[in-house]
Undergrad: 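Got a structure for you, written out below as structure tokens; questions coming shortly.
Proteins get letters first, then strands, A, B, ... in listed order; numbering begins at 1 in each. Computed over heavy atoms, backbone and side chain alike; hydrogens, waters and symmetry mates excluded.
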There are 2 protein chains.
Amino acid sequence: MSSGFALGEVHVSSSPQERFAEYLQSRGKRITSQRKALVDHIFERHDHFDAEELIDNISGANRENRISRPTVYRTLNELVEAGLLRRFSLRGRAVYEHDYGYPAHDHLHCTICDELIEFQTDELPRLREAVAREHGFRVTGHRLIISGICRDCSAKRHRRQSPLDLI
Amino acid sequence: MSSGFALGEVHVSSSPQERFAEYLQSRGKRITSQRKALVDHIFERHDHFDAEELIDNISGANRENRISRPTVYRTLNELVEAGLLRRFSLRGRAVYEHDYGYPAHDHLHCTICDELIEFQTDELPRLREAVAREHGFRVTGHRLIISGICRDCSAKRHRRQSPLDLI
DNA sequence: GTTGTTGCAAATTTTTTGCACCCAC
DNA sequence: GTGGGTGCAAAAAATTTGCAACAAC
């Protein structure tokens, strides 16, 4: 997926690359090859990942143009700030997912295989607002994770589940 | 609040101390002064805390009978396993709350003052089951955190909110 | 007395930071 | 050319573990 940072183009429904470029420019930050490579890589496919995974994948793909661990962490923070990624915490470590061009959704988390399954319901926004109104709370977001055992793991084993349920 | 580990008593609606004692016994684990002190201290009042807070409080109260950091962590894990505490993650570190004698509830999290406000709704369990059924998922729990700005912080400042929204 | 527990120190894991060199603007 | 970025190594923060002394059973 080649994708330059086309700037000065249409400002409607831009790509994540363009959005990130706008964000960087608006802050006087620079568009570097590392940041380009990371955004491209991250938005090539939709799924959940953590910093370690990203570092491994990037290093595996571009052996000579590898990106350092600190830079990956710094860029992930910028992408969250830019509103392109969402971050949450699972088993005590940060997990990221696209927050761009993807409908709001929540997750089922299998405590056995660690898989995240997305689901969507229109009841949440309603509930969110109702609760917030009751408490004079100004909502900016929410995070719902339903934990349990997925269909596959239920079928595979009938052993005890992991005691480590750090959501 | 004095509270021994009265064993062999009624098995209905026992205290957290009793419940923990039962848990320990059932696993061949031992009832030690440290574990007693921790359970007593934790269930003296209802609120949210993290490991560091607990260590500070315990050390402040019992200067001579202080409890080491590793023991606090180990006991917290046991209390979670025993079903007496729930653990989740906020801003990248583990937060605990009672899961005993306290109705199921969820949280509003103020990203400014970091306060947790509890709320309760009977819609969640319904929603949870509906979603789970749809995905062949066996639910063991859930975690909903609605983030935003609480009434007080809204009143106090009209500045920007914290960019660090690691839920 | 046996076996699990504690405290210490050290290791691990995840993430951040200081700094000299480098590169986008 | 200049100010922000990168990579390195090292620090920080949170949590876990190995082990010898110790205490509950």
Side-chain angles (χ1 to χ4, degrees), chain A residues 4-5 7-8 20-39 49-56 58-59 62-82 85 87-96 162-166, chain B residues 4-5 7-8 20-39 49-56 58-59 62-81 85 87-96 163-166:
Chain A
F5 279 79
L7 284 174
F20 193 37
E22 282 171 30
Y23 165 83
L24 292 172
Q25 290 215 315
S26 74
R27 312 263 173 142
K29 296 188 164 197
R30 289 173 183 175
I31 294 163
T32 64
S33 63
Q34 290 86 340
R35 301 213 252 233
K36 263 198 275 198
L38 283 169
V39 183
F49 63 92
D50 58 36
E52 207 55 39
E53 256 173 85
L54 186 55
I55 291 160
D56 288 353
I58 280 274
S59 297
N62 277 21
R63 193 56 57 91
E64 64 278 358
N65 289 35
R66 65 174 224 73
I67 299 171
S68 74
R69 187 179 304 278
T71 296
V72 168
Y73 275 102
R74 284 184 282 233
T75 305
L76 285 173
N77 285 335
E78 288 162 349
L79 286 166
V80 170
E81 245 191 274
L85 288 183
R87 166 169 48 200
F88 54 103
S89 183
L90 217 52
R91 297 165 168 284
R93 79 144 150 280
V95 177
Y96 298 85
S162 163
L164 218 176
D165 55 348
L166 182 58
Chain B
F5 279 80
L7 284 174
F20 193 38
E22 282 171 28
Y23 164 83
L24 292 172
Q25 291 214 315
S26 74
R27 313 265 173 139
K29 294 187 164 196
R30 287 171 186 176
I31 295 163
T32 64
S33 62
Q34 290 88 336
R35 300 214 252 234
K36 263 198 276 197
L38 283 169
V39 183
F49 62 92
D50 58 35
E52 207 56 39
E53 256 173 85
L54 186 54
I55 290 161
D56 288 354
I58 279 274
S59 298
N62 276 22
R63 192 57 56 92
E64 63 278 356
N65 288 36
R66 65 174 224 74
I67 299 171
S68 73
R69 187 178 303 278
T71 297
V72 168
Y73 275 102
R74 282 183 284 231
T75 305
L76 285 173
N77 284 336
E78 288 163 349
L79 285 167
V80 169
E81 244 192 276
L85 288 182
R87 166 168 45 198
F88 53 103
S89 185
L90 216 52
R91 296 166 169 285
R93 78 144 150 281
V95 176
Y96 299 84
L164 219 175
D165 54 348
L166 182 57

Undergrad: B:Q34: which residues meet the side chain to side chain donor-acceptor pair (under 3.5 Å) condition with it, sequence neighbours left out?
TA: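 Residues passing side chain to side chain donor-acceptor pair (under 3.5 Å) with B:Q34: none at all.
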Undergrad: Could you work out, with side chain to side chain donor-acceptor pair (under 3.5 Å) as the rule, every residue matching A:T71, not counting sequence neighbours?
TA: A:S68
Undergrad: Show the nearest heavy-atom pair for residues A:I67 and A:A37, with the distance to one decimal.
TA: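 Nearest heavy atoms, A:I67 then A:A37: CD1-CB, 4.0 Å.
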Undergrad: Would you please confirm or rule out a distance under 4.0 Å between OP1 or OP2 of D:dA14 and any side-chain N or O of B:R87?
TA: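 The answer is no; no side-chain N or O of B:R87 sits under 4.0 Å from OP1 or OP2.
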Undergrad: Earliest and latest nucleotide of DNA chain C, 5' to 3', sitting under 4.0 Å from a non-hydrogen atom of chain A?
TA: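 From 5' to 3', the first and last contacting nucleotides are C:dT14 to C:dC25.
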Undergrad: Can you see which heavy atom on B:D50 is nearest to which on B:Y96, and at what distance?
TA: CA-CD1, 4.4 Å
Undergrad: Between atom CD1 in A:I58 and atom P in D:dG7, what is the gap in whole Å?
TA: 11 Å
Undergrad: Please identify each residue that fulfils salt bridge (charged side-chain N to carboxylate O under 4.0 Å, His left out) with A:R30, with sequence neighbours left out.
TA: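 For A:R30, no residue satisfies salt bridge (charged side-chain N to carboxylate O under 4.0 Å, His left out) once neighbours in sequence are set aside.
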Undergrad: Return the 5'-most residue of the pair A:R69, B:R69 with respect to DNA chain D, ranking by each residue's nearest nucleotide.
TA: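 Result of the comparison: A:R69.
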Undergrad: Drop me the distance from A:L85's CG to A:L76's CG, to the nearest 0.5 angstrom.
TA: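 If I round to the nearest 0.5 Å, the distance is 6.5 Å.
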Undergrad: Side-chain contact test, heavy atoms from C-beta onward, threshold under 4.5 Å: evaluate it for A:R74 versus A:P70 and give yes or no.
TA: yes
Undergrad: Evaluate B:F20 against B:K36 for side chain to side chain contact (heavy atoms under 4.5 Å, CB included), listing each step before the verdict.
TA: CA-CA 9 Å; B:F20 193 38; B:K36 263 198 276 197; over 6 Å; no
Undergrad: Tabulate protein N/O versus nucleotide N/O from nucleotides 22-25 of chain D, keeping only pairs under 3.5 Å, one per line.
TA:
residue: D:dA24; atom: N3; partner: B:R30; partner atom: NH1; Å: 3.0

Undergrad: Name the residue closer to the 5' end of DNA chain C, choosing between B:S68 and B:G28 according to the nucleotide with the nearest heavy atom.
TA: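 Its nearest nucleotide being more 5', the pick is B:G28.
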Undergrad: Taking salt bridge (charged side-chain N to carboxylate O under 4.0 Å, His left out) as the test, write out the residues that go with B:E52, two or more places apart.
TA: B:R69
Undergrad: To the nearest 10°, let me know how far the axis at one end of the helix from C:dG1-D:dC25 to C:dC25-D:dG1 is tilted from the axis at the other, five pairs an end.
TA: 30°
Undergrad: Test of understanding: with side chain to side chain donor-acceptor pair (under 3.5 Å), list the residues that count as partners of B:Y73, not counting sequence neighbours.
TA: none
Undergrad: May I ask you to list the residues of residues 70-78 of chain A, by number, that have any heavy atom positioned under 4.0 Å from an atom of DNA chain C?
TA: A:P70, A:Y73, A:R74, A:N77
Undergrad: Would you call B:V72 and B:I58 a side-chain contact if the rule is heavy atoms closer than 4.5 Å?
TA: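 Of all side-chain heavy-atom pairs linking B:I58 with B:V72, none is under 4.5 Å.
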Undergrad: Which value, rounded to the nearest 0.5 Å, describes the distance between A:Q25 atom CD and A:I31 atom CD1?
TA: 5.0 Å
Undergrad: Looking at B:E78 and B:K29, is there a salt bridge between them, counting it only when a charged N and a carboxylate O are closer than 4.0 Å?
TA: yes
